[in-house]
Every structure is written in structure tokens, then in C-alpha cells.
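Worksheet for the structure shown next.
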Amino acid sequence: MVIPAWNEEKSVGLVVRDFLGVNRDGTRLIDEIVVCDNASTDRTAAMAAEAGARVVTETGRGYGSACLAGIAALSTVDIVLFADADRSDAAEEATGLVSAVADGADLAIGSRALGIAEPGALTPQQRFGNALASALIRGIWRHHTTDLGPFRAIRRDALDKLGMRDRTYGWTVEMQVKAIQVGMKVVEIPVSYRRRIGVSKISGTVKGTIGAGVKILGMIAVLWWKDKR
């Protein structure tokens, strides 16, 4: 499992403990959790390590940068699970994502649109942005998509084949669209979504919302252009 984290000292330890406590058929689901501390200025790294995660550091800021550094630090695994460090994802629902991949999917996306979001967990701008990006993916690539949720599982060999590059907030949509482009089996699993602990660096500010939106739409445009060529 890879958890990118930036200034999440209040939640990251809880998240690590939650996921380490998940069992599937009597066996612990997660073999290893790597938390990538993305140049935090608080005790994120210490809290993650105390909870049982292996912590690596990525000083180059960006969601994608942290994910790439976390992936590079993983031991040999068959499936990689991603989740955020703010405790908005329900750890017990990881079994559905992992099971979908174990049963034949290449990539399983946790869809908050198909599940139940706690009141206030998703801001209006998040709902609009996800709906717009999902509509573009459906329209361009004819693939049923409802969400760009960060809670997801993917086969390690499939992940390696995608050649992920984005270092910012275009990371999630890059993974989804590239997987669709090469014909991988991409499925959505309904997941619940809780109000996060702390203030979001993206939807919590106007600058973050606009920046993330531009990166996501820009990534869709770049991948569409490459398809056209």
C-alpha cells in the first residue's frame, strides 16, 4: 500500500492502523504500507512510523511525486493499493478493491459517486470536477466512469506498464485513462467517503481547487491528443 502524505500528523497514524487492521479470509490484507512524506513541516513522518508504516521522503512537492516515490520503495508485491492520508477512505472497503483485482481486474477504482458520501465530505467543486472529468472520459474513450477517486487498487505489473509520469494532481486521471487506452480491465467499486481530518490542500482553497482542475483537464487533453496522433 502507498499513502502519499503532506502535513497529515493528525490523521496518518490512524489511517495506517486502520489499514493494518483489515483482514481478508482471516489473513491480514495489507502486507506492507509505505507512507511517502512529501516534505511535511509537522510530525507526519513520525506518526506514520509509530503506527507501523515504512516511511520514505520525497522533497519534490506534488501528489504524483509522492506516489511515484512510494511505488519505488515497495517490496515485491502483486497488487498495489492507494489511499489518502486524511482518513476519508474507509479501510475495511479495501477488501472490495483488492478482491476485484484478484478476480481479474487490472485496475479497481473506488467510486464515491456510486457509494455513499458523508454530508460535507465532498465539496460542490469536487462533485462538479469529478462529474465533468468523468463525462469527458465517457465521451472520448467510451468507458463507463463516474469518479477519479484516489482510493484504488492495481496489479503491480499493470502499473509498471502504464509508465506513470505526472507529478501533480493529474496522477489519478493519468492512471485511469492510460489503463483504458491500452485495453486494461478497469472497474469501479462503490465506496463510502467520510469528512476528512484537517483542511484539504485542494478543495479547501480556491487556488488548490483551480490548480487541480487545470491539471486534471489538461491531462485529459494531453492524453486525448496523443490518441488522435
Looking only at heavy atoms, what is the nearest atom pair of Leu97 and Gly110, with distance?
CD2-N, 3.7 Å
Search all heavy atoms of Lys215 against all heavy atoms of Gly170 and return the closest pair with its distance.
CB-N, 4.1 Å
Among pairs that include at least one residue of residues 64-86, which meet ring pair (Phe, Tyr, Trp, His ring centres under 6.0 Å), considering only residues two or more places apart or in two chains?
none
Applying the 4.5 Å side-chain criterion to the ILVMFWY set and letting contacts propagate, would Ile140 and Leu162 be lumped into a single cluster?
yes
Report whether Val222 and Ile180 are members of the same hydrophobic cluster (ILVMFWY, side-chain heavy atoms less than 4.5 Å apart, transitive linking).
no
Counting C-beta onward and ignoring hydrogens, is there a side-chain heavy-atom pair between Ile109 and Gln176 closer than 4.5 Å?
yes
Ser134: side chain to side chain contact (heavy atoms under 4.5 Å, CB included) partners, not counting sequence neighbours
Arg138, Thr145
Under 3.5 Å, side chain of Thr172 to main-chain N/O of Pro150, donor-acceptor pair present?
no
Between the side chain of Arg155 and the main-chain N/O of Asp157, is any donor-acceptor distance below 3.5 Å?
no
Checking Arg112 against Gln126: is there a side-chain donor and acceptor pair closer than 3.5 Å?
no
Go through it in stages, so that I can follow the logic: the residues are Asp31 and Val77, the test is side chain to side chain contact (heavy atoms under 4.5 Å, CB included), and I'd like the CA-CA distance, side-chain angles, deciding distance and then a yes or no.
CA-CA 9 Å; Asp31 294 316; Val77 295; 5.6 Å; no
Would you list the pairs meeting ring pair (Phe, Tyr, Trp, His ring centres under 6.0 Å) in which at least one residue belongs to residues 10-56, sequence neighbours left out?
Phe19-Phe151
Say you draw a straight line from CD1 of Ile154 to CZ of Arg156; how long is it, rounded to the nearest 0.5 Å?
10.0 Å
Co-membership, hydrophobic cluster, residues Val22 and Val2, 4.5 Å side-chain:
no
Intermediate values then yes/no, side chain to side chain contact (heavy atoms under 4.5 Å, CB included), Asp86 and Glu8:
CA-CA 7 Å; Asp86 57 15; Glu8 302 284 4; 4.2 Å; yes
Looking at every non-hydrogen atom in both residues, tell me the closest pair between Ala153 and Val101 and how far apart they are.
O-CG2, 3.6 Å
Is there a side-chain contact between Ile220 and Val173 (heavy atoms, below 4.5 Å)?
yes
Residue pair Lys161, Lys178: steps toward the side chain to side chain contact (heavy atoms under 4.5 Å, CB included) verdict
CA-CA 10 Å; Lys161 289 176 183 176; Lys178 281 186 171 180; over 6 Å; no
Atom pair CG (Asp160) and CD1 (Ile71), whose distance is rounded to the nearest 0.5 Å:
8.0 Å
For the OG atom of Ser88 and the OH atom of Tyr193, what is their distance to the nearest 0.5 Å?
3.5 Å
Okay, side chain of Ser40, backbone of Asp37: is any donor-acceptor separation there less than 3.5 Å?
no
For residues 183-191, dump all side-chain donor-acceptor pairs below 3.5 Å to protein atoms at least two apart in sequence or in another chain.
from	atom 1	to	atom 2	distance (Å)
Glu188	OE1	Thr146	N	3.3
Glu188	OE1	Thr146	OG1	2.7
Glu188	OE2	Thr146	N	2.8
Glu188	OE2	Thr146	OG1	3.2
Glu188	OE2	Asp147	N	3.4

Side chain to side chain, Arg54 and Val35, heavy atoms closer than 4.5 Å
no
For the residue pair Asp227 and Trp141, confirm or rule out a side-chain donor-acceptor distance under 3.5 Å.
yes
Is the backbone of Gly60 close enough, under 3.5 Å, to the side chain of Asn38 for a donor and an acceptor to pair up by distance?
yes
Donor on one side chain, acceptor on other, Thr44 and Asp42, under 3.5 Å
yes
Heavy-atom pair of closest approach, residues Gly13 and Ala51:
O-CB, 3.5 Å
Hey, could you give me the CG/CD1 distance between Asn130 and Ile216, rounded to the nearest 0.5 Å?
7.0 Å
Are any of the side-chain heavy atoms of Thr95 and Leu29 separated by less than 4.5 Å?
yes
Please, which pairs that meet ring pair (Phe, Tyr, Trp, His ring centres under 6.0 Å) have at least one residue in residues 83-105, sequence neighbours excluded?
none
Hydrophobic cluster mates of Leu14, side-chain heavy atoms under 4.5 angstrom, ILVMFWY only, any path?
Ile197
Criterion side chain to side chain contact (heavy atoms under 4.5 Å, CB included) on Arg167 and Leu68, from CA distance to verdict:
CA-CA 8 Å; Arg167 293 187 168 274; Leu68 287 168; 4.0 Å; yes
CE/Met164 to SG/Cys67 distance, rounded to the nearest 0.5 angstrom?
7.5 Å
Is the backbone N or O of Gly163 less than 3.5 Å from a side-chain atom of Arg165, with the two atoms forming a donor-acceptor pair by type?
yes
Can you find a pair of side-chain heavy atoms, one from Arg61 and one from Trp6, that are under 4.5 Å apart?
yes
For the side chain of Arg127 and the backbone of Ala113, is there at least one donor-acceptor N/O pair under 3.5 Å apart?
no
Do Val98 and Val16 sit in the same hydrophobic cluster, where Ile, Leu, Val, Met, Phe, Trp and Tyr count as joined when their side-chain heavy atoms come under 4.5 Å apart?
yes
Rounding to 0.5 Å, atoms OG (Ser65) and CD (Glu58) come to a distance of 5.0 Å
Flag the pair Asp84 / Tyr63 as yes when at least one side-chain heavy-atom distance between them is below 4.5 Å, and no otherwise.
yes
Take atom CG of Asp78 as the centre, draw a 6.0 Å sphere, and report whether it contains more than 12 heavy atoms from other residues, nucleotides or ligands.
no
Are Ile3 and Met1 packed together at the side-chain level, in the sense that at least one heavy-atom pair is separated by less than 4.5 angstrom?
yes
Does Asp166 reach the main-chain N or O of Gly64 with its side chain, forming a donor-acceptor pair under 3.5 Å?
no
State, yes or no, whether a side-chain contact exists between Glu93 and Asp89 at a heavy-atom distance under 4.5 Å.
no
Of Arg195, Arg194, Arg196, which is the lone residue that meets salt bridge (Lys or Arg N to Asp or Glu O under 4.0 Å) with Glu118?
Arg195
